[in-house]
Amino acid sequence: MSRVLARLLTTFTDASLADSILGDLKEQSRRRSPRVPLLWIWVTGLRIVLSLLGLRVAAAITFNLKRGFMHNAMSDVRQALRGFARRPAGTIALVLVLALGVGLTSAMFALADPFLLRPLPYQDPDRLVVVTLSSNATRVITKNTVLPTYAQWRERKDLFVDLAAWSHHARDTMSIGDRTEELATQQVSGNFFAVLGQEAGLAAAWLDITRTGEAAIALTDRGERKIGAPANASLDDALGGRRRVAAVLSQTFLFPSATRGLNLDGLIPYEPGTVIDVRRWSERGTPSNSEELYFIGRLAPGVSPQQVSAALSWSNAAGETVEVEAAPLNDVMTERVRPLALGAVAAGGLILLVCIGNVANLLIARSAHRRREMATRAALGASRFALTRLAAVESLMVATLGTGIGLLVAWITLDVMRTITPLEYTALGTPGISGRVWLFAAAVGLTVTMVAAIPSWFARRERAGSVFGRHGTGDARKVRPIRFLVTASQSAVAVVLVIGAALLLRSYGNLVGQNAGFERDTVAVSVRMPQGIAGAALQSQVDSTLEALRRLPSVRATAASTGQMLDQFSMALGINVNGKGAATSHKLVSPTYFETTGLRIVAGRPLGPEDRDWAGVVVNEAFVRAHWPDGGAVGKTVGFGKRPVPIVGVVGDAFDAALDTAPQPTVFELLHNARSSSSVSFLIRSDDDSELLREPVRRVLASVNPRIAIREYSTVQDRLSNSVRDRSFATLMLTLFAIAALSVSLAGIISVVMFIVAGRTREIAIRMAIGAQAHHVRWLVVREAVWASATGAVAGVIAGHWLSGTLESLVYGVEVSSWATPVLAAIVAVVVMAVAGTVPARRAVRLEPTVALRTE
Amino acid sequence: MPVAALGEFEQMVLLAVLCAGEDGEAYGVTIHEELERRTRRSVSRGAIYMTVDRLEKKGLLTSHLTEPLAERGGRARRCYTVTKPALAALHDSRRALLSLWQGLKATD
């Protein structure tokens, strides 16, 4: 017991005085004869310790104030810089580990910030609830169900301050001047803006517009950019009506739905009638007076969402209850992305912990290297406060540098993420380096450095005598099992993540590297044809457009097809093959389609003008495989209803739905057979960049028919990339984590070896002096790290192989149950770690024995 | 050697060392007892140890260790003696204070 008290006392005074104080306490306790002498000694001793601490701190502050704090701080900065320059490798490792930790943690924070911390951009967003019918509605509601109306619900002033509704998501073709665009619109009730408490300037006007039934539209920022119409401009709609642009909404406008707000171009006023949410479409028939409605309400003061649910649920004639759910808007908006956000926070936390561990390890290794320097400083009269201050200044400098580089890492990470983040993850705001992220990064940098410095501070608290007199590695041995466990765990985590990343990278490589069947630089312009254009008129407009496009300079080839290229829903048609019906994809294409898109003719010939009126069709290889596995399809017939149509050619397969969906059996017939099609895609091969072609193409379409609306303009490559956006995102995230885990593991191993070298310098020097081989000495210091990382790697391979099953839905063309990828990934990881470990080991064997022994 | 002006607590500790020394040995326990008895107030032991340490470094006190004593758990006493410079400093301080006390007398 007294040893502990003596140890505490020696922290603030020298050992001899501490001994006297303990003697005094013992003597006094005898004289006073307290009831519990030991307790009295402890309490009095601790009081002495506390007053010594207070007096020391006060004295140090006074001393430093007298000496001029800035003078000391500048001197500390100079000394710290000299220290860094003497050990550049260690300093760089320290800063980089910190930067990586701060960078990735901040990136994860920035990713989660919009969903978890940033309030929704509405007035008092906590009072907003989304009201829907519960899933039992599909069972309970029938054609004869009497439904409450929107007006009835809106009247419930005991529940809502007000209730807004929206309905009908539509794509409307609108034009202004020679510009025609297809706009994604949403009908919203008159009180929509008032309930949300955003776009205050428009709220009252919108109510009037709805009441008077004026045809108006409020364009979103996206819609305004698309059609280029200012406020109060008049747009022509496809039915010949006119619609006034009532307002252009601000950039910060956010539609209160996680999915519906994406790609929204405008809002249209609407007063809804009967209440029903047909997302829960009843199999027992939908009531005739129903319509698709979604509700958002502002709760009356003191009302909870549960009270709304209870009050609005009702029973039908059969006594069955139709339950109504009221959920806080914030929960609904973040529901889909919350797992990602929480995952990001968890990953950030994990990286942070591993980072603290490694920075601590590096600092301990560093302080072990500097034991003599610190002891010498103390012996020359540097006070403990001065040494602590020097350490604090060094930590602060490392933290500043690490945070700065860390923010750069975060910025690059977020920049890469932005390009491939699926849209629904950015609905609430694009992650970026906001003021909050700056503050977070600074706090993380400082906390990591300070927390990580604690063990090294204790390691540094040594008396000169003990440092100069010690020639052992005793203290290093004490921490060896913990060190082994930490290194092995890091290695295991790194190997698991490397395995995951390797699987996804291989899968991603398979996806993007595979032959899509199309020329990837083909520009695809999907358009919506004006209503009422069919038959000969459609043919004529398609032909004129193709002709005009072909005349554009730099255009090499053009083609057209019905439907959208790479559309997830290509037209399916029941046709007969060998007398049996077969569901088949079906495309109507111009004769130049195969040449323009680069679809390879495998057998027979492409379609030509002679194939009009079902004189011939072309099929793809998937079709041949499905119906004539032995080949020889050319010359055979397929039945279009009762009409047999000969197959004139076979083309290679193309991924025309998505890169990760196997090509479907497809029949191509001539576009001239089409009687009508609202959706047509024009395909262009050009020598110019696709962006340079955008405006000329728009002008060509407007010249042929100003009412043709461009639905989408992109290259095949863009569409292919978009079709695997989710996979790209998952691949990038996992690869980032793998890189982070591997980097921190490398840093961990380097610091472990550095620590071992520092503790065994004398031993190494003696071994070298008596003629040990360099590679033996290298192995001596590296073996612990290598064994630890190899043990971790074995655990990682087993865990990685077990966990890789969870990636099955994300990988493409990769066998997840195979051991090859996990073992290979682990071998690569262990080799990288072993190589990293040899860096400080090489420095150990380069030590001059005499110098090493003298310094000891 | 000129000695820096003494603080109030330093003076009290030095005087307590002198008083304790008259009756026997001046060490932690006796210094603390003398101070509390004569000033009739509670004094922090930590402050005393800190002060004697500082005064010793300033050369105003010297110390020596006694033989180990059983009543102290086998530890020696660290006994303090006031040095000549400290006595001179105390006399200076006394003179200065006495002359200043004249002001109080004048108000009686």
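Scope of the values below: all heavy atoms of this structure, side chains included, with no hydrogens, waters or symmetry mates.
Neither the backbone nor the side chain of A:Leu53 comes within contact range of chain B; no heavy atoms are under 4.5 Å apart.
Here B:Leu15 pairs with B:Leu18, B:Leu90 under the side chain to side chain contact (heavy atoms under 4.5 Å, CB included) rule; sequence neighbours left out. Shown here are the side chain to side chain contact (heavy atoms under 4.5 Å, CB included) partners of B:Leu97, two or more places apart in sequence or in another chain: B:Gln11, B:Ser93, B:Trp101. In this structure, B:Arg40 has no salt bridge (Lys or Arg N to Asp or Glu O under 4.0 Å) partners at least two apart in sequence or on a different chain.
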Counting backbone as well as side chains, what donor-acceptor pairs lie under 3.5 Å between chain B and chain A?
from    : atom 1 : to      : atom 2 : distance (Å)
B:Tyr27 : OH     : A:Glu27 : OE1    : 3.4
B:Tyr27 : OH     : A:Glu27 : OE2    : 2.2
B:Tyr27 : OH     : A:Arg31 : NH2    : 2.9
B:Gly28 : N      : A:Asp24 : OD2    : 3.4
B:Glu33 : OE1    : A:Arg31 : NH1    : 3.0
B:Glu33 : OE2    : A:Arg31 : NH1    : 3.1
B:Arg45 : NE     : A:Gln28 : OE1    : 3.4
B:Tyr49 : OH     : A:Asp24 : OD2    : 2.6
B:Arg72 : NH1    : A:Asp24 : OD1    : 2.7
B:Arg72 : NH1    : A:Glu27 : OE1    : 2.6
B:Arg72 : NH2    : A:Ser20 : O      : 3.1
B:Arg72 : NH2    : A:Asp24 : OD1    : 3.0
B:Arg75 : NE     : A:Asp19 : OD1    : 3.2
B:Arg77 : NE     : A:Glu27 : OE1    : 3.2
B:Arg77 : NH2    : A:Glu27 : OE2    : 3.0
B:Arg78 : NH2    : A:Ser16 : OG     : 2.1

